[in-house]
Each structure stands twice: as C-alpha cells, then as structure tokens.
Amino acid sequence: MGSSSLLALWFCVTVTSAFLAASDNNTNSTSRPSEISIGALFTFNSYIGRAARLAIELAVHDVNTNSSILANTTLKLQVQDTNCSGFLGTIEALQLMEKQVVSIIGPQSSGIAHVISHAVNELHVPLLTFAATDPTLSSLQCPYLIRTTQSDYFQMNGIADLISNYGWREAIAIFVDDDYGRGGITALDDALATKRSKISYKAAFPPHADATMIKDVLVQINLMESRVYVVHVNPDSGLTIFSLAKSLGMMGSGYVWIASDWLASVLDSTYPPNFDTMNLIQGVIVFRQHTADSDLKRAFVTRWSQMVRSGNASSNLNTYALYAYDSVWLLAHAIDQFLLEGETFSFSDDPRLHDANGSSLHLTSLKYFDGGEQLRKKLLLTNFTGVTGQVQFDSEGNLIHPAYEILNIVGTGLRTLGFWSNYSGFSVVVPEVLYGESLNASTSNQLLYNAIWPGEITTKPRGWVFPNNGKPIRIGVPYRASYKEFISKDSSPDGVQGYCIDVFKAAINLLPYPVPYSFILFGDGIKNPNYNDLMEKVYENYFDAAVGDISIVTNRTRIVDFTQPYIESGLVIVAPVKERSSSPWAFLKPFSVQMWFSFSTMFFSHRENTVSTLGRFVLIIWLFVVLIINSSYTASLTSILTVQQLSSGIHGLDSLISSSDPIGYQVGSFAKNYMMEELNIAESRLVSLNNPKAYERALELGPKNGGVAAIVDEFAYVELFMSTNCKYRPVGQEFTKNGWGFAFPRDSPLAIDLSTAILTLSENGDLQRIHDKWLQHAGCSSQENEIDANRLSLRSFWGLFLICGLACLVALIVFFMRIFCQYRRYSTQDEDAKLEPERSLKRPPRLTSIKDLISFVDKKEEDVKNSIRQKLSHKQRQSGRIFNEQSTPPA
Ligand SMILES: *[C@@H]1O[C@H](CO)[C@@H](O)[C@H](O)[C@H]1NC(C)=O
Ligand SMILES: *[C@@H]1O[C@H](CO)[C@@H](O)[C@H](O)[C@H]1NC(C)=O
Ligand SMILES: *[C@@H]1O[C@H](CO)[C@@H](O)[C@H](O)[C@H]1NC(C)=O
Ligand SMILES: *[C@@H]1O[C@H](CO)[C@@H](O)[C@H](O)[C@H]1NC(C)=O
Ligand SMILES: *[C@@H]1O[C@H](CO)[C@@H](O)[C@H](O)[C@H]1NC(C)=O
Ligand SMILES: *[C@@H]1O[C@H](CO)[C@@H](O)[C@H](O)[C@H]1NC(C)=O
Ligand SMILES: *[C@@H]1O[C@H](CO)[C@@H](O)[C@H](O)[C@H]1NC(C)=O
Ligand SMILES: *[C@@H]1O[C@H](CO)[C@@H](O)[C@H](O)[C@H]1NC(C)=O
Ligand SMILES: *[C@@H]1O[C@H](CO)[C@@H](O)[C@H](O)[C@H]1NC(C)=O
C-alpha cells in the first residue's frame with residue numbers, strides 16, 4: 001500500500017474497522033484469525049533501516065510459509081518510514097496504531113521510542129525495538145517497550161572495562177546530543193565511575209550538525225589532556241567525525257579512538273569495504289554486539305549474501321538486521337501462544353480520547369488493544385533459538401547474555417581482539433563457552449589480543465598528553481628561607497636544588513616518557529611561602545605542578561592531587577631537656593679531695609715496706625673505681641626509674657594544650673592552622689619562627705623571657721634541627737601522621753605515574769641515598785643517640801679504668817725498678833763472691849743471672865736487705881784483706 005493512501009486513511013476517520021484484521025470470534029484455536037496486522041517503524045534510508053527492512057520482510061515471509069507456527073494465519077506487515085525525524089516517527093507510530101496493529105517492530109530511534117512509549121503504555125500495543133539502545137528506556141518506565149537488542153548499558157560497561165583495562169583514567173566522549181547519545185554516555189559515565197575513571201569532557205553536537213560544528217568540537221578536544229575518545233553517534237553521520245579528525249591530524253599516533261557499535265553497523269552494511277573509509281579509521285577499536293554462531297545464523301548469512309549477489313538486497317547484513325529478523329519471530333511465537341490460550345484480538349475505544357469539536361485530529365480512531373497485556377506477557381516469556389542465538393528475557397526485560405565483540409580496524413578488515421560479556425568480562429574465547437563455567441576459571445581468560453593503534457603503533461598509547469603540547473610544564477617551587485636542604489634557590493641551570501628537587505628529578509627520569517619541565521620560584525626568599533597559596537596557584541593552573549616539601553595543606557583534598565607520600569611525616573613537639581651530666585667524670589668531683597689525700601698518704605708514707613705501699617695504692621684506686629661505678633649505676637637506675645625531667649614541663653600534647661606558655665611554629669607551616677583549628681590553642685600563644693636559629697633562641701629564652709616553651713613542627717624539620725641541637729628533643733607521640741608529596745592539579749595522570757616512580761625509588765634504595773645526601777648530619781642526629789649518650793656503659797668508665805691501669809702500671813714500674821736496683825747491688829757482690837765456682841761449672845752467665853733474678857725476687861725483702869748488708873760488710877772485709885795481701889809481699 002502506498003504512503004499517499006495511508007495518509008488519506010489518517011484523515012479519513014470514521015472508518016474505524018477498515019483494518020480490523022484480527023477476528024473477534026470468541027472461540028478457540030479452531031477458528032484462528034486468518035490475518036494479523038503487525039507494524040514496522042524505522043528509517044528506510046539508513047544503514048540500519050536498509051538491512052532491517054529486508055530482514056523483517058524475510059522474517060514475515062518465513063513465518064507465513066512455516067506450517068508449524070501460526071498455521072492458517074498470515075502476518076500482514078505495515079511499514080512506515082520515520083525518515084530520521086522524531087516528529088514524523090511519532091505521527092507515524094500513531095498512524096500504525098490507528099490501523100490496529102497488534103504490535104510494532106520498532107522504532108529504530110530511541111528518541112521516538114521515548115515519545116511513543118507514553119502512547120503505547122495507554123493503548124497497550126507492544127513495541128519490539130530492535131535498534132533503540134538507550135539504557136534509559138527501561139522496562140519499568142515503558143512496560144510496553146520490549147527491547148529485542150542489547151541495551152547500551154552493557155556496551156558502555158564493556159567500554160568502561162576496556163578503558164580501565166588499558167589503564168586510562170580519563171576519556172572524552174564524543175556523542176550526538178539526542179536520547180540515544182545522552183543515554184549511552186550517561187551510562188558510560190556511571191560505568192567509568194565504578195572503575196575510578198571518568199569522562200573528562202563531554203563533547204556533544206546536535207543530530208544534524210554540519211562539518212564546521214563538528215570540527216569546532218574536535219579542535220576544542222584536541223587541546224585537552226585526554227587522548228582517549230569514545231565516539232557514540234548515529235551510523236549515518238559518524239564517519240564525518242573521522243574524516244574531520246583525520247584532516248586535523250587526530251588519527252595519528254598517541255590517539256585512542258573507541259567507537260560503539262554504530263561503526264560496526266556501518267562497516268558491516270557496506271560491501272565491499274570502501275578503501276577510503278577504511279583508511280580514515282585505521283587503528284580504531286570498535287564494539288559490536290556478539291551473536292552466537294549457529295547453523296541457523298550461518299544459513300541466514302548465506303541466504304543474505306546470495307540475495308546481495310543477485311541484487312535483491314540493497315544492504316549487507318548487520319547485527320541489527322539479525323535482531324530485527326528475530327523480533328518478527330519472537331512476535332510470531334508470542335501470538336501463537338496467545339492464540340493457543342484462546343485469546344482474541346479485539347480493540348475498544350479509549351473513553352479519554354474523544355474528538356474535540358473543531359479539531360481535525362480524529363483521535364477516536366486510536367483504539368485500545370484489549371489483549372495487549374496478555375500479549376506483552378507472552379512476549380516476555382517466549383524462549384526460542386533465533387539467528388541471534390537464544391532469545392529470552394531476564395526479569396528486568398533485557399535479553400539474556402549481553403556480549404560484545406571487540407574489533408580493531410586494521411587494513412581493510414576487522415580484527416577480533418576478543419570478547420566482552422556481562423558475565424565473564426574480557427576473553428579471547430567466545431563468551432558462550434564461559435557461561436557454564438565458574439568465574440574463577442574465566443578470570444584466567446581475561447585478556448585481549450594486542451591491538452594496532454592509530455599511527456600503526458603496537459604499544460598501548462599513554463592516553464593523555466600535557467595540555468599545552470610540547471611546552472615544558474611549569475613547576476612551582478617554594479623559595480624557602482630556612483631548611484634549605486629540602487629545597488632552595490641556587491645558581492645551577494635549574495635554578496633550584498635540594499632534597500625534593502633530587503627526588504623529583506629521579507622520579508621523572510623513571511617515567512617511560514619524557515617530561516619537559518621548568519622550575520619557577522614561589523615566594524620572596526625572606527620568609528617561607530605559605531603552601532596553601534602555592535596550592536591555590538596549582539589549582540588556578542598558574543603552575544602545572546608544585547614540587548617541594550609540600551606538607552599537609554589544609555585545602556589540599558579539595559583543590560589538588562598529591563603523589564603518594566614519599567616521606568612519612570607528622571607534627572611533633574620539641575622541648576628543651578634539662579641539662580644532665582653527660583659524662584661520669586662529674587662523679588669524680590666529690591671524691592677528688594679524698595683521692596688527693598690518699599695519693600699524698602701513699603707517697604709521703606714511710607718507705608719501709610714498698611711492696612705493701614704499692615699494693616695499697618692500687619687497692620685504693622680500685623676501691624674508688626668500684627665506688628664510682630657503683631654510684632653511677634645507682635644514679636642511672638634512679639634516673640631511669642623516675643620520669644625524665646623536662647625543664648619546660650611539657651610532656652606531650654595534653655600538657656601543651658593545657659599550659660598557657662607560648663608555642664613556636666614554622667612560618668608558612670600548616671602547624672599554625674592545625675593548632676588553632678584542631679587543638680583549639682589560642683592564636684595569641686603562637687609565635688612564628690623563621691629558621692633553626694630562631695628556634696634555638698626561642699627555646700633557650702624559655703616562656704618566661706619572651707621565648708617559647710615548645711615548638712610544634714613536622715618531624716622531618718625537627719630531625720634536621722636536632723642534628724645540630726642536642727639540648728632539645730621531641731616529647732610525646734608524633735601526631736597527624738601524614739605524608740609529603742608533589743602537588744598536581746586534580747586528577748592529573750602525571751600524579752599517578754610519579755607516585756609509581758617514587759615507590760620504585762623507595763624500593764631500589766635511591767630515595768634513601770638522596771635523603772642521606774641532603775639530610776644526614778653528624779652529631780646527635782637522632783633521639784636514640786641522645787638516649788644512648790645518657791646511658792651508662794663500659795665505655796663511660798674508660799677514664800676510670802685508665803687511671804686504675806696507670807696506677808697499677810706505675811706501681812709495677814716502681815716495684816721493678818726497686819727490685820732491679822737491689823738486684824744489681826746484690827748481684828755485683830754475689831758475682832765477686834762466687835767467681836771461682838761459677839767458672840768451674842762453665843755455665844752461661846746470663847742464664848744464671850735470670851735464674852738468680854727469679855730466686856732473688858722470690859726472696860723476702862728483709863732477706864735481701866740483710867744479705868746486701870751482709871755482703872756489703874763482707875766486701876769491706878775482703879777488700880781490707882786484699883789490701884792486706886797486696887801490702888804484704890808473698891812469702
Ligand atoms: C464465530 O464463530 C461462530 C461459531 O462458533 C460462527 O458462527 C461465527 O460466524 C464466527 N464469527 C466470525 C466473525 O467469524
Ligand atoms: C518453522 O518454525 C519452527 C519453529 O517454530 C522451526 O523449528 C522450523 O525450522 C521452521 N521451519 C522452516 C521451514 O523454517
Ligand atoms: C488449518 O486449516 C486446515 C484446513 O483449511 C485444517 O485442516 C487445519 O487443521 C488448520 N490448522 C490449524 C492449526 O488450525
Ligand atoms: C526524508 O526527509 C528528507 C529531509 O529530511 C527529505 O528530503 C526526504 O524527501 C524525505 N524522504 C521521504 C521518503 O520522505
Ligand atoms: C530476487 O528477486 C527475483 C525477483 O524479484 C526473484 O526471482 C529471485 O528469486 C530473487 N533471488 C533471491 C535469491 O531471492
Ligand atoms: C480455549 O481453550 C482453552 C484451553 O486451551 C480453554 O481454557 C478455554 O476455555 C477455551 N475457550 C473457549 C471459548 O472455548
Ligand atoms: C460538539 O459540538 C456539538 C454541537 O456542535 C455538541 O453537541 C457536542 O456535545 C460537542 N461535543 C464535545 C465533545 O464537545
Ligand atoms: C529456553 O530454551 C532453552 C533451549 O532452547 C532451554 O535450555 C532453557 O531452559 C529454556 N529456558 C526457560 C526459562 O524455559
Ligand atoms: C582554603 O581555601 C579558601 C579559598 O580558596 C581560603 O579562603 C582558605 O583560607 C583556605 N584555607 C586555608 C586553611 O588556607
């Protein structure tokens with residue numbers, strides 16, 4: 001029937017039963033209606049419509065010629081062309097309902113589906129949409145709209161999985177601004193959010209946008225950071241985007257293009273593949289609804305290709321045509337069931353629809369389908385195997401087993417990278433084999449073949465670029481006035497140096513791509529800059545990033561991203577410790593008088609008995625050593641058992657808050673805000689301190705003399721401060737444990753990569769090396785060293801042991817010298833006396849003298865003295881005799 005006569009019918013109102021195709025005989029299947037009208041609504045001149053039209057016609061033909069389904073009943077197809085217009089589509093849907101069709105195959109467009117869903121909900125005419133994929137067309141809102149294809153909800157989840165699978169955090173959505181485009185991209189946004197990724201920009205254009213409009217959008221997104229584009233547009237205008245993108249150089253390396261199934265429909269529909277078209281879209285990733293392979297499908301495909309060859313088909317087969325074909329079969333099965341139960345097709349007037357006087361819209365011709373509710377139920381319960389596989393609906397009215405093929409455009413063909421299904425995620429095997437398996441077994445299959453990306457590169461694109469292409473990123477560096485080891489100005493080519501700069505450079509060098517950067521000082525160098533202000537600059541994109549000892553910034557979570565902490569740092573309280581005797585020498589003081597007395601007694605005592613004097617001397621020294629060690633240990637034990645006294649009286653956070661003494665903080669540090677806001681310390685108590693010297697002075701003066709009782713600062717600074725000032729130490733626990741890092745604008749992909757690089761640095765020990773280079777100092781660098789210094793050990797008493805040893809040595813030397821002198825005197829006389837017998841024995845004289853010496857030492861002093869005295873007198877006598885002998889001539 002021609003469209004002109006249909007239009008004439010539309011205006012010819014009173015003929016309400018003209019197309020009452022369904023019989024209203026109230027008997028059972030024995031007298032079925034001979035003809036049942038069904039409608040079809042789509043755009044003839046579209047990629048989907050061309051194929052769908054043929055598929056629907058084939059399906060109606062197949063049903064009508066099949067004796068096992070709807071025998072003795074013919075399906076009569078009424079087709080309407082929506083011609084890509086929501087307005088015409090809506091009117092034509094009403095026209096179809098006026099013709100009292102029992103159901104409509106279509107509409108193709110999600111927009112029309114939204115509008116007429118209200119009408120069909122009232123008139124109870126089920127719609128079988130084989131191409132309206134908008135996820136917001138839910139079965140709850142539109143119960144009479146049955147989607148016989150996959151919802152884009154699943155496709156967008158697949159795309160989101162793909163994006164997060166490749167490690168991209170952001171994507172730009174390019175979509176047509178209608179129900180189909182918006183619904184799909186909203187679903188993508190939601191799906192990405194669950195993967196902690198996001199759509200960084202939604203580039204929408206109207207359905208009939210011209211080339212300039214699309215070009216403007218493309219130029220705009222090309223200036224953005226993300227290089228991952230998801231294209232969700234209509235098949236009939238989508239290729240324009242790629243040709244414009246190609247002309248803008250956006251199809252080269254570094255770009256990622258992901259197209260939803262519209263592109264697959266276009267490519268499937270055109271045969272043979274157009275070389276120019278394929279050339280435009282090299283490296284694009286395409287999603288396509290997956291339909292299970294089966295004999296039925298293969299036979300259908302063969303039949304279709306024969307028709308194409310004989311010129312009976314104007315389009316190649318695409319997936320939507322398969323769904324359209326199955327939709328007709330689904331309807332046939334449902335009608336069969338409907339009739340089997342003895343239901344009839346009858347229509348009645350809707351009392352709410354009446355012809356308003358003076359209106360030529362004859363709305364009364366719209367009839368209410370009495371059996372609509374029953375037919376809808378039958379449709380949702382139908383279970384059969386069609387060319388798309390098993391056709392069955394789940395409890396939410398969606399087709400079961402949503403699955404997609406992931407294709408890569410290479411050369412003139414489509415290469416399958418793998419599959420995505422709602423059930424098993426990614427796999428390189430068809431999802432059908434995985435449905436029965438447990439998910440654990442399928443996780444090992446979660447991979448895809450390698451893609452060839454735009455620009456014919458095989459390595460996965462990074463997915464983002466620095467927004468101001470090519471120009472070095474501007475990094476704000478705090479121009480510190482104190483603690484310059486962390487970061488400070490210098491005359492090197494970078495203009496800055498320090499611990500943080502070295503960490504940053506080491507981390508940047510680990511990144512797999514080059515990052516050009518330049519450092520820009522922030523602050524005047526006289527006073528430490530406020531880091532919140534610095535963060536604000538990063539937020540305002542005045543800086544692309546900020547490097548430095550950027551500690552906890554109160555506003556940080558709101559405005560910027562930080563790298564993972566590379567230094568754990570919290571606030572600590574520093575207070576002076578009471579000066580304690582650092583060496584046990586002090587213990588000598590009280591004993592010195594006594595010692596002096598003993599020494600003098602020793603040296604000025606009678607010389608009678610030297611050995612016992614020396615023994616006493618050594619003993620006295622030993623007694624003192626024991627006394628001192630004993631006293632030291634007692635004192636040490638006492639000091640351990642009693643609370644370590646701090647001169648400031650601040651023992652931790654509680655005493656800090658409760659006291660009213662002034663507290664110091666570092667200029668620009670967040671410690672001030674923290675103390676005021678979190679600890680409720682009055683601002684009047686807080687004293688800003690500029691540098692370590694000021695710290696020292698303030699602590700030295702103390703709270704009474706205009707100084708401070710304690711300082712609250714981050715541990716990293718305190719560590720450095722204490723390395724040169726042993727008089728102060730942290731008290732209590734570290735609080736507000738938190739990290740340091742580099743700041744980046746929110747969601748900057750560089751922050752993630754740099755965090756990974758810093759973790760690598762920390763794992764391979766480079767971080768510690770850089771730390772030691774800048775922040776390691778001699779002296780009492782840490783708390784433990786200080787405690788050690790106050791603890792008594794063997795080493796603490798080396799002086800005492802030295803004195804003791806020296807005393808022993810002196811006593812020994814004195815003893816031996818005495819012995820030696822005595823021996824010499826003794827032996828010279830002895831030798832004279834024993835001259836004769838020794839010669840006769842012929843012994844070596846030295847051996848004798850050593851043996852003699854030992855025996856001499858063995859002798860008691862008294863004996864020696866006596867013998868010397870004896871010998872002396874004997875010698876005198878002998879010398880007298882010799883003299884006599886000499887004087888008297890021999891006889
Ligand atoms: C309905 O069926 C009855 C027999 O049960 C028959 O007499 C009658 O003609 C039928 N009506 C129509 C409209 O087919
Ligand atoms: C007819 O339909 C049934 C399903 O109802 C199917 O099994 C059969 O193959 C069909 N016959 C032909 C010739 O298509
Ligand atoms: C169809 O009609 C023929 C005769 O016209 C009849 O023999 C057959 O039983 C009918 N089939 C059904 C299912 O009503
Ligand atoms: C479809 O609409 C276009 C304009 O949008 C018009 O030029 C064309 O003639 C229409 N085709 C049909 C078959 O109505
Ligand atoms: C193509 O159409 C012609 C007539 O329109 C018909 O004779 C022929 O059988 C058809 N070919 C196929 C493969 O359906
Ligand atoms: C039609 O058949 C069904 C069973 O298939 C039966 O329940 C119903 O009563 C029958 N209706 C008539 C009007 O015969
Ligand atoms: C339409 O107008 C006629 C008189 O012209 C009046 O009798 C009738 O009630 C009107 N119907 C409605 C629905 O207003
Ligand atoms: C649907 O049919 C298939 C076989 O065609 C069967 O395995 C499955 O259990 C059926 N489902 C329901 C819910 O009846
Ligand atoms: C946080 O930011 C706001 C506005 O950007 C600013 O007014 C406020 O002072 C900041 N807070 C702190 C603690 O710096």
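In listed order, ligands and their atoms are each counted from 1.
- Looking at Glu343 and Lys378, no side-chain N of the basic residue comes within less than 4.0 Å of a carboxylate O on the acidic one, giving no salt bridge.
- Of the N or O atoms in Asn83, one or more lie within a sub-3.5 Å distance of an N or O in ligand 4.
- Residues passing the side-chain hydrogen bond (donor to acceptor under 3.5 Å, both in side chains) test with Thr291, sequence neighbours excluded: Lys297.
- With hydrogens and angles left out, the side-chain atoms of Asp370 and Ser346 include a donor and acceptor closer than 3.5 Å.
- Near Trp329, with a cut-off below 4.0 Å to any heavy atom, the atoms of ligand 2 are 2 (O).
- A ring pair (Phe, Tyr, Trp, His ring centres under 6.0 Å) check over residues 134-159, counting only residues at least two apart or in different chains, returns the pairs His124-Tyr144.
- For the salt bridge (Lys or Arg N to Asp or Glu O under 4.0 Å) condition, no pair includes a residue of residues 77-97, sequence neighbours left out.
- Ser424 and Ser421 are linked by a side-chain donor-acceptor pair at a separation below 3.5 angstrom, with hydrogens and angles left out of the test.
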Would you mind listing each N/O atom of ligand 8 next to any protein N/O under 3.5 Å, plus the distance?
{"residue": "ligand 8", "atom": "2 (O)", "partner": "Asn383", "partner atom": "OD1", "Å": "3.1"}
{"residue": "ligand 8", "atom": "2 (O)", "partner": "Asn383", "partner atom": "ND2", "Å": "2.4"}
{"residue": "ligand 8", "atom": "11 (N)", "partner": "Asn383", "partner atom": "ND2", "Å": "2.6"}
{"residue": "ligand 8", "atom": "14 (O)", "partner": "Asn383", "partner atom": "ND2", "Å": "3.2"}

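- Contact atoms of ligand 2 toward His333: 5 (O) (distance under 4.0 Å to a heavy atom of the residue).
- Taking any N or O of Ser68, backbone or side chain, at least one lies under 3.5 Å from an N or O belonging to ligand 2.
- For Arg298 and Phe300, the positive end is not near the middle of the six-membered ring at less than 6.0 Å and at most 45° from its axis.
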task = Tell me, with the steps shown, if His401 and Glu432 meet side-chain hydrogen bond (donor to acceptor under 3.5 Å, both in side chains).
result = CA-CA 9 Å; His401 298 327; Glu432 288 83 50; over 6 Å; no
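- Residue Asn66 approaches ligand 2 through these ligand atoms, each under 4.0 Å from one of its heavy atoms: 1 (C), 2 (O), 3 (C), 8 (C), 10 (C), 11 (N), 12 (C), 14 (O).
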